[in-house]
Amino acid sequence: MTKSISRNKNKTLFLCALLQGTSAGTENKKSIGIFDSGIGGLSVLKEIIKIIPEYDFIYLGDSARSPYGTRSFETVYHYTLECVQKLFSMNCDLVILACNTASAKALRNIQQLDLPKIAPGKRVLGVIRPTTELAGKHTKTKHIGVLGTSGTVASDSYKIELEHFYPGIKVFQQACPMWVPIVENNEVNSPATDFYVKKYLKELFSKSKKIDTIILGCTHYPLLLNKIRKYAPKNVKIISQGPIVALSLADYLQRHPEIEKKLGKGNNVAFFTTDSTESFDKLAKIFFGRKVSSKHLAL
Ligand code: DGL
């Protein structure tokens with residue numbers, strides 16, 4: 001009898017959460033927000049779920065305004081802040097910007113200027129710092145290549161961080177503006193992809209023949225990994241961020257029990273997109289590796 005009341009109560013709570021647009025499985029428990037301009041952040045979420053599947057997650061892809069990579073600093077900052085606030089309103093106290101462009105152009109302002117005013121108890125983390133901390137250890141030649149969106153490259157975020165952590169390392173950057181549209185339009189297996197992967201790798205290696213480590217500095221790029229491997233020199237180490245960010249998040253939660261203890265542990269993942277759910281779900285299934293039923297979110 002008691003069991004059945006509690007089962008019914010849980011069911012009601014779960015339904016309420018769904019109606020409010022979240023999938024948080026436990027009363028008052030928080031979800032971890034994962035944000036990207038589109039579907040690229042799924043390459044990060046996929047790895048996070050491999051090592052800490054027990055938490056509740058809300059993924060938000062701003063596909064209606066993707067790509068971010070070619071937009072101005074102000075626009076990326078404005079869009080990112082809007083999406084972060086939306087995730088806060090959906091019961092996320094911790095948001096990961098699973099987007100390098102947003103991490104490069106908006107994270108610092110959000111952390112230093114916005115959070116103290118709008119949400120002092122909430123946290124927003126990016127993907128660039130954990131990636132650079134690890135990448136410097138891989139290189140023997142001390143020449144690292146960074147592939148990213150035009151915005152990430154123009155921000156010099158990787159260069160600044162890598163040179164700060166590893167003095168003596170030289171960073172060579174290459175913007176790959178066609179790669180995100182290729183991924184977002186599901187053209188990964190088309191001949192045009194081979195053309196653009198070869199083109200940008202050639203441009204990167206024309207800057208230094210000594211590069212032995214490449215950072216995929218955009219969360220969309222792991223979806224092109226097979227092609228990148230095909231055209232990159234065989235001895236080059238290619239670093240994808242998903243596993244690095246996943247480990248760094250697990251470590252962060254261990255170091256911050258005050259945040260961890262508020263998180264729901266119902267193994268729930270809810271997906272939201274600002275654009276068509278049909279195209280999001282179709283692409284997400286291919287790249288995330290399992291069926292996804294997203295909901296549309298108006299900002
Ligand atoms: N996936 C994102 C990144 O890591 C953004 C790509 C875009 O919207 O241009 O930079």
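In each ligand, atom 1 is the first atom listed, and ligand 1 is the first ligand listed. Along the sequence shown, residues are numbered consecutively beginning with 1. Computed over heavy atoms, backbone and side chain alike; hydrogens, waters and symmetry mates excluded.
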Are any of the side-chain heavy atoms of [X] and [Y] separated by less than 4.5 Å?
| X | Y | answer |
| --- | --- | --- |
| D93 | I259 | no |
| V153 | Y158 | no |
| Y79 | R71 | yes |
| Y166 | T139 | no |

**Message:** Suppose the criterion is salt bridge (Lys or Arg N to Asp or Glu O under 4.0 Å): which pairs have a residue in residues 271-293, not counting sequence neighbours?
**Reply:** none
**Message:** Are W179 and Y196, when compared by the centres of their aromatic rings, separated by less than 6.0 Å?
**Reply:** no
Under 4.0 Å, heavy-atom basis, I'd like to know which part of [X] is in contact with ligand 1: side chain, backbone, both or neither.
| X | result |
| --- | --- |
| S37 | side chain |
| T101 | both |
| D36 | side chain |
| T149 | side chain |

**Request:** Note the single closest protein heavy atom to atom 3 (C) of ligand 1, along with its residue, its atom name and the distance in Å.
**Result:** N100 N, 3.2 Å
Under a 4.0 angstrom heavy-atom cut-off, which atoms of ligand 1 come close to [X]?
| X | value |
| --- | --- |
| C99 | 2 (C), 3 (C), 4 (O), 5 (C), 10 (O) |
| H220 | 1 (N), 2 (C), 6 (C) |
| P67 | 7 (C), 8 (O), 9 (O) |

**Prompt:** Heavy atoms only: which of G69, S43, G38 is nearest to atom 9 (O) of ligand 1?
**Reply:** G69
**Message:** Does ligand 1 come near enough to T70 that some N or O of the ligand is less than 3.5 Å from an N or O of the residue?
**Reply:** no
**Request:** Quick one: list whatever passes side chain to side chain contact (heavy atoms under 4.5 Å, CB included) with K207, sequence neighbours left out.
**Result:** F172, Q174
